[in-house]
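Worksheet: the structure to be examined is printed underneath.
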Amino acid sequence: MSTSSAPTRSAIVIGGGIAGLSAAFDLHRAGWRVDIHEAAGLWGGKVQSSPVGDRLVDAGPDTFLARATAGYQMCQDLGLEGELTSPVAPVPAYIARAGRLYPLPTGSMLGVPTDLDALANNGLISAEGVERAKVDLSADATPLVDGDISIGALCRARLGDEITDWLVDPLIGGINASDIDLLSLRAGAPILAAAYDLGPSLVKSLGEMMPSTGPTLGSAKPAQPVFYGLPGGIARIVDGIIAALTAGGAGLHLNSPIASLADAMARADAVVVATPTAAAAHLLEPVSPSAAAELAAIPYSSVAQAVVEIPRSGVERELDASGIMFPRGEGRLITACTWLSSKWAHYHRPDSVLLRLSSGRYGDERNAALTDDELVDALLADLRSVEAVTAEPIARRVKRWTPAFPQYAPGHLARVERILGAVAADAPALRLVGAAYRGIGVPACIDDGRSAAASLVDALG
Ligand SMILES: Cc1cc2nc3c(=O)[nH]c(=O)nc-3n(C[C@H](O)[C@H](O)[C@H](O)COP(=O)(O)OP(=O)(O)OC[C@H]3O[C@@H](n4cnc5c(N)ncnc54)[C@H](O)[C@@H]3O)c2cc1C
């Protein structure tokens, strides 16, 4: 990765999460002198692995979408593509309702059913709820406001509250720890937005789209991978980037928060700000005040997760899926239980199971009041409402993410355009990248970082 001639351009990257590292990786490959400053003592931001018992387990993302190719592409560039694996669990997930578990209805995409007969047979949604969804088949197009609407408002209008609360919210809201009544259709669920545009019926449009969109989140077991994981953790992508940058002589600065953007801009030809929005807003305030004000208005949810290893004999049911989603309507602290050792072959052991218990969503911060031990106990108690877990954990790890997920409100894409437009006018050699802008997932953040690097190389050479 090292360059043969002396670098002619220099960049400072502020934030060593996956977006900032991806930008640094490509700027460095383009022959630039790159310095990355990370406030924390670890690289990767949300992309981390840490021990649970005697093994490393993903602490943030454990997977990324295959359809968004930037993740695979980065693995290829790092020589990791041969090690990518896919979930092995045969059924995507169960949904908990009133003490019972229901498999995700077949033919649903992001929780929106495309087969109302299959939905009726599934039992999760009442006969009245299924009947209500038929309104979608004939209703006029649902009006938008300035081209966007909340996912909740759209789904409630077309499919009714029951499907929205017990299917769409756990799937789409669950991914980003969001409240779908406050989440942008265009930014939060682009596939649903495409169905709306094809519309007016979401059920029919998604049914038509299903064969052409490739593997889909929330459908029955597809032929191609929907998700990838990496034995040893997704953080191996971070390790790979850091190894390449180290070998090439980039400046890698941990425990090195940047306090002044103007100083950073004076020291390099270009600067990439790759922090969550509170830090980005603070940095931008003196340089681009209108961008800073818009950034500060993007809210975040926080999550806390416990990973527990339990003796196999202490879990009575067969763990034959990737886990359980607990819709908001259940009123529980737990939002999901991922059966990590069923989902991934690399976490499988014959004598124990590995479970990830999640809590926290936008508007629910109850976990913040609990100690780590109280959190594990409360999450296990919630899990026991649907699954007999008779043994105590033999290993455990609690990880709290504050902030965790930026929340894309309706109009988010227009807001991002305004932010980026203001920055382009105020500081042409500055780029903003990361989960707050054009996508929350790992591939979107990689793509954002790499696109920023390409645009700087285009602009400055
Ligand atoms: C629990 C959890 C599970 C997830 N699961 C998945 C998943 O399964 N699949 C998926 O695709 N995505 C998942 N995501 C989302 C994805 O991991 C994140 O959106 C993505 O990693 C964010 O990357 P980023 O680089 O934008 O930001 P971050 O990872 O937040 O990195 C920003 C960095 O900036 C640093 N920083 C802040 N201020 C300063 C400063 N002043 N100076 C220097 N550095 C600073 C921070 O310390 C941080 O390291 C998950 C996220 C979480 C929290």
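First listed ligand is number 1; within each ligand, the first listed atom is number 1.
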query = Taking the six-membered ring for Trp, is the centroid-to-centroid distance between Tyr72 and Tyr228 below 6.0 Å?
reply = yes
ask   = Which residues pass the salt bridge (charged side-chain N to carboxylate O under 4.0 Å, His left out) test with Asp263, sequence neighbours left out?
value = none
ask   = So, does Arg97 use its side chain to make a donor-acceptor pair with the main chain of Leu124 at under 3.5 Å?
value = yes
request  = May I ask you to decide whether Lys343 forms a salt bridge with Asp62, counting only side-chain N to carboxylate O separations under 4.0 Å?
outcome  = yes
List, for ligand 1, each N/O atom that has a protein N/O partner under 3.5 Å away, with both atom names and the distance.
{"unit_1": "ligand 1", "atom_1": "8 (O)", "unit_2": "Thr63", "atom_2": "O", "d": "3.3"}
{"unit_1": "ligand 1", "atom_1": "9 (N)", "unit_2": "Thr63", "atom_2": "O", "d": "2.7"}
{"unit_1": "ligand 1", "atom_1": "11 (O)", "unit_2": "Val442", "atom_2": "N", "d": "2.7"}
{"unit_1": "ligand 1", "atom_1": "19 (O)", "unit_2": "Ile440", "atom_2": "O", "d": "2.5"}
{"unit_1": "ligand 1", "atom_1": "25 (O)", "unit_2": "Ile18", "atom_2": "N", "d": "3.2"}
{"unit_1": "ligand 1", "atom_1": "25 (O)", "unit_2": "Ala19", "atom_2": "N", "d": "3.0"}
{"unit_1": "ligand 1", "atom_1": "26 (O)", "unit_2": "Ala435", "atom_2": "N", "d": "2.9"}
{"unit_1": "ligand 1", "atom_1": "29 (O)", "unit_2": "Lys46", "atom_2": "N", "d": "2.8"}
{"unit_1": "ligand 1", "atom_1": "30 (O)", "unit_2": "Lys46", "atom_2": "NZ", "d": "2.6"}
{"unit_1": "ligand 1", "atom_1": "41 (N)", "unit_2": "Ile258", "atom_2": "O", "d": "3.1"}
{"unit_1": "ligand 1", "atom_1": "42 (N)", "unit_2": "Ile258", "atom_2": "N", "d": "3.0"}
{"unit_1": "ligand 1", "atom_1": "44 (N)", "unit_2": "Ala39", "atom_2": "N", "d": "3.1"}
{"unit_1": "ligand 1", "atom_1": "47 (O)", "unit_2": "Glu38", "atom_2": "OE2", "d": "2.6"}
{"unit_1": "ligand 1", "atom_1": "49 (O)", "unit_2": "Glu38", "atom_2": "OE1", "d": "2.7"}
{"unit_1": "ligand 1", "atom_1": "49 (O)", "unit_2": "Glu38", "atom_2": "OE2", "d": "3.1"}

ask   = Between the side chain of Ser352 and the main-chain N/O of Glu309, is any donor-acceptor distance below 3.5 Å?
value = no
message = Salt bridge check, Asp364 against Arg332: does any charged N sit closer than 4.0 Å to a carboxylate O?
response = no
